[in-house]
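Below, chain A is the first sequence line, B the second, and so on; all start at residue 1.
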Amino acid sequence: MIQGSNFAECHPVGFQFVMEAKLRGAKVIHIDPRFTRTSALADLHVPIRAGSDIALLGGLINYVLSEGKEFREYVVSYTNASSLISEDYVDTEDLDGVFSGWDDKSHTYDPVSWAYQDSESDGDGQGDGDGGGGERSAHGGEHQRETAGGDKYGSGGASVAEKPRRDPTLQDPRCVFQILKRHYARYTAEFVEEVAGIPQDTFFELARAITENSGRDRTTNWSYAVGWTQHSVGVQYIRAASILQTLLGNIGRPGGGIMALRGHASIQGSTDIPTLFNLLPGYLPMPAGERGGSLEDYIEPDAGKAGFWGDMPNYMTSLLKAWFGDAATAENEYGFDWLPRLSGDHNNYATVLDMAEGKVPGYIVAGENPAVGSANGRLQRKALEKAEWLVVRDLSCIETATFWKDSPEIETGEVRTEDIATEVFYVPAASHVEKDGTFTNTQRLLQYRHKAVEPPDDARSDLWFFYHLGRIIKERLADSDDPRDAPIKALTWDYATEGPSAEPVASDVLKEINGYGPDGELLTAYTQLRGDGSTRCGCWIYCGVFADGVNQAARRKPAREQDWVAAEWGWAWPANRRQLYNRASADPDGKPWSERKALIWWDGEKWTGHDVPDFPPTTAPDYVPPPDARAGKALAGDDPFIMQTDGKAWLFAPAGLVDGPLPTHYEPAETPFHNLLHPQHTSNPAAKLYEGPGNRHHPVGSTVFPFVLTTYRLTEHHTGGGMSRFVPYLAELQPEAFCEVSPELARERGLTHLGWATVVTARSAIELKVLVTERMQPLRIEGRETHQIGVPWHFGHNGLAIGDSANDLLSVTLDPNVDIQESKVLTCDIRPGRRPHGAGLRTLVEDYQRRAGLA
Amino acid sequence: MGVREFIELWPVVRQLRGSDPTARGDAARSAGSEHLRPRIAEADRVVRSICPYCAVGCGQRVFVKDEKVIQIEGDPDSPISLGKLCPKGAASQQYVSRPDRVTTVRYRRPGGTEWEELDLATAMEMIADRVLDTRRRTWQDTDENGQPLRRTMGIAHLGGATLDNEENYLIKKLYTALGAIQVENQARL
Ligand code: SF4
């Protein structure tokens, strides 16, 4: 199942394995608003209305549950289906579209009522207000929301009552299984047809295909990409697929899973070692709120809890030792006090809104092009105009570097170059072949690149740039006795350098990330990390990349000399495990569910098999932890989901999400339709909208903006175009911006193939070449013909392949859990011909705003 | 050469009559092609790398001659890509070696209408000045309730998903020590 992804065009080389599977008899189904080359190569393409995926996935969950098609033994043993939920929990089905805990004033949830009933307390765990399961479940809605939700909990998610009360018969009305059944009962085939535009016989074909292909002997995979994440309810899309795949027993097993197909070379690495505001390396949360006091306060919510996240204190102390070295001691809590504290939502969009108001003087942009690549391009450029100084690191003078002389706002005459006070430094970057280093690909695989040549002229790696910037700053502050400079002075920064430009040695940095033991020896596994200051480790999940002193990420044993797991090519975190939670590939007794689907198994003494077991290697299948066991030792022999406190896959999320414990169908923030299911709550009530003059949203069902628009990528281009629009071969293959429309819409609006069209939203208007194609099909939604328009978003006006930017059309509208913008669905108008150039552009947009009642 | 022999030398005739109906072998040969050699045969060395575009992570072989990258091809050893590259990966040699790549520092002063030249060392010192000055001006020791913040909200960073792990590590480490928290990348895009 490929849904929310154009696999063949966006990850072409990975798609070869889909084709190979098809040759061996796999059925490939593509669910997508557009017919693409992925659809052309699939057995079945199912057009869907952008933004209605939870309706479809909920329909499939309902089918599985009402037909009794779940993988019973897997569900009972490995999921929280049998766990009982608090008596205080009330479902969206009984509260007109919100869950219990909703606060209409702050637009946030207090998740306390979603908790498990704790078997160790009497009653439902809510007995003494915030005691029992409630206390351990989560930490207050307001605060949870403010620090970007789920991420704040780190890898393990939120800690919960370790021993919830259970009903293994799955009959108790408060058990997760029964709650799920009730929650999805209205997601019928008729409902899916009305909302998503998928005919009922197609729906049943899908439902049969996945249920017939799941079980002991067979597994089904779901692959997705940003077609799922870029929604105001994006995290819940993934949750919905997780629930379905877990019910079908497709997690932790070969051929199963939910695969995120990611679009940047090391986008996985940039979350593992995060350049993200709310995380420290290895998904440790940044200190904030009640985790912002002492180191003790920081680790308290997780320390010693069951599951491997219970060892979090060891990971944190080792990180502080790696950063502050000998200056980090037990007495000063290893320098924990030196870390800055969060106090709210510091995601990039929030920062850009502040910057546009002149509140953020400095901006460093490295390998990204927000003037084109981020939602609401006008707002992005406004922010750049208001910054005092800007550093752009890239290989080309991208739009973000040249906004002061050629932005669309200069063209309309809204601003003049002379009046823009921003000081701009373009500092050229080295390419991937001009530096050593690792990328982490979409399957968590670290692969080391070796430098082929020196970078030309002033071009330098980011390793060089940030190392030398840090070196200069450290030198400047060497004599400071201001306490705020203490962490800079203590920072370990003595990296060896090499070559003509004094490039830091990348493998030395990777060694620091891997970690060192008490005697300076490279560590081999994160289980060696200690909380007493004797070990140092820059990112605990990467501990082992230098196992046995060998750069494991640089291993390149040819595929033909290895088995299908190819464990000796690169290194996957954690511990070179290629498939997470693979304990679930064996039954509760430790035997493979079937010969055909064997991955790891219990051989009587230890776990063994094709992959590295993602489980304590000698914990027997029948092991029951003693009551005082902690962390990894508190996992039972049949608890495959080792990062979770309860060791089980969460069909229902008792904590950790800010917009509900179960996925619910909400319309996108901009939609032609009211919510059939919950008329009181059209869109995700917890989504972040940042409503303001520069960020207007269209009213639901607006006749001024009647069409659905979805953005997408092309094979020949890459994100904001910085790495592709300047490359002649790629520009020749895809030279200019365009939109895809159906013949029906073209007739309705007078659009001609290869002619121009102007697409308008309340944010801006852009002109595009028109591609009239039957690949776009009108859908019947709630009895009305509905048109969708596809627009690739790579383009800008610098380089060789040029055009207006699709992101200028978008508002900033974010998923409340992870701050991802809703760029896969919005509403718009389309009209034939070019847009006005010059001042007329704003007049046109303001006219639309007025007509839509937004001015 | 007689007319008949001449005609028999035509590739299309050889394709139709010979043992190479798809014209990917013998039929495609000519006097000119006899002397063609692959560019990569001239390389001084071959360096193993990974494609810089998407997260599939295809293996690359980088062919270097006279300290220039003359070709980048798929790595047949990689279990991920089995030697293949898509159009982006296959164009990456042009990405690194195109003539219009901007490889020197450019500086635009406030209100300036043109780029100016600046040497790299001066640029680094100027950027360090601005980081320290902005940090000083925007420092927050505590919030209004006296809770510690120890940070600046004056310096923001964006970028990281096409950067190396080692680079992101130094970025996060340096900013955190400086107290700059608005560090983000396109993992959210
Ligand atoms: S060659 Fe194409 S598919 Fe492979 S990593 Fe590069 S961009 Fe992705």
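Both the backbone and the side chain of Thr104(B) come within less than 4.5 Å of a heavy atom in chain A. For Glu116(B), no part lies under 4.5 angstrom from a heavy atom of chain A. For chain A, the nearby parts of Val105(B) are the backbone and the side chain; heavy atoms of each come within less than 4.5 Å. Contacts between Phe63(B) and chain A at a heavy-atom distance below 4.5 Å are absent for every atom of the residue. The contact between Arg130(B) and chain A is made by backbone and side chain atoms together, counting heavy-atom distances below 4.5 Å. In this structure, chain A has heavy atoms under 4.5 Å from both the backbone and the side chain of Thr162(B). The parts of Val183(B) that come within reach of chain A are both its backbone and its side chain, each placing non-hydrogen atoms under 4.5 angstrom from that chain.
Most heavy-atom pairs under 4.5 Å with chain B: of the set Glu454(A), Glu434(A), Gln268(A), this distinction falls to Glu434(A). When each of Val352(A), Leu463(A), Thr438(A), Val365(A) is scored by its heavy-atom pairs under 4.5 Å with chain B, the top score falls to Thr438(A). Heavy-atom pairs under 4.5 Å with chain A peak, among Glu125(B), Lys68(B), Glu114(B), at Glu125(B). Per-residue counts of heavy-atom pairs under 4.5 Å with chain B were compared for Met355(A), Gln443(A), His468(A), Gln447(A); the largest is that of Gln447(A). The most heavy-atom pairs under 4.5 Å with chain B, out of Trp564(A), Tyr467(A), Phe465(A), come from Phe465(A). Of the listed residues (Ala180(B), Ala123(B), Cys86(B), Gly89(B)), the greatest number of heavy-atom pairs within a distance under 4.5 Å of chain A belongs to Cys86(B). Of the listed residues Gly367(A), Pro728(A), Pro281(A), Ala506(A), the one with more heavy-atom pairs under 4.5 angstrom with chain B than any other is Pro728(A). Between chain A and the options Ala55(B), Cys51(B), Gly159(B), the largest number of non-hydrogen pairs under 4.5 Å is found for Ala55(B). Heavy-atom pairs under 4.5 Å with chain A were tallied for Asp119(B), Val46(B), Val56(B), Ile72(B); the largest tally goes to Val56(B). Comparing Ile155(B), Asn165(B), Leu85(B), Leu120(B) by heavy-atom pairs within less than 4.5 Å of chain A, the highest count is held by Asn165(B). Looking only at heavy-atom pairs under 4.5 Å with chain A, the residue among Ser49(B), Cys54(B), Ala128(B) that has the most is Cys54(B). Interface remark: of the candidates Pro487(A), Ala366(A), Gly269(A), Ala366(A) forms the most heavy-atom pairs closer than 4.5 Å to chain B.
Between Phe324(A) and Trp338(A), the two ring planes are perpendicular [angle over 60°; tilted spans 30° to 60°]. Using bins of under 30°, 30° to 60° and over 60° for the plane-to-plane angle, the ring pair Tyr95(B)/Tyr53(B) lands in the tilted bin.
Salt-bridge check for Asp75(B) with Arg61(B): passed, with a basic side-chain N closer than 4.0 Å to an acidic carboxylate O. With respect to Arg137(B) and Glu388(A), a salt bridge is recorded, a charged nitrogen being found less than 4.0 Å from a carboxylate O. A salt bridge between Lys557(A) and Asp77(B) is absent, with no side-chain N of the basic residue lying under 4.0 Å from a carboxylate O of the acidic one. A salt bridge does not link Asp143(B) with Arg341(A): none of the charged nitrogens is closer than 4.0 Å to a carboxylate oxygen.
Between the side chain of Asn347(A) and the backbone N or O of Ala350(A) there is at least one donor-acceptor pair closer than 3.5 Å. When atom types are taken as modelled, the side chain of Thr422(A) and the backbone of Trp389(A) share no donor-acceptor pair closer than 3.5 angstrom. Distance alone, capped at 3.5 Å, is enough to place a donor-acceptor pair between the Tyr349(A) side chain and the Ala375(A) backbone.
Ring to ring, Phe466(A) and His157(B) are close: their centroids are under 6.0 angstrom apart.
Exactly one of Lys451(A), Lys435(A), Arg393(A) qualifies for a side-chain contact (heavy atoms from CB on, under 4.5 Å) with Ser461(A). That residue is Lys435(A).
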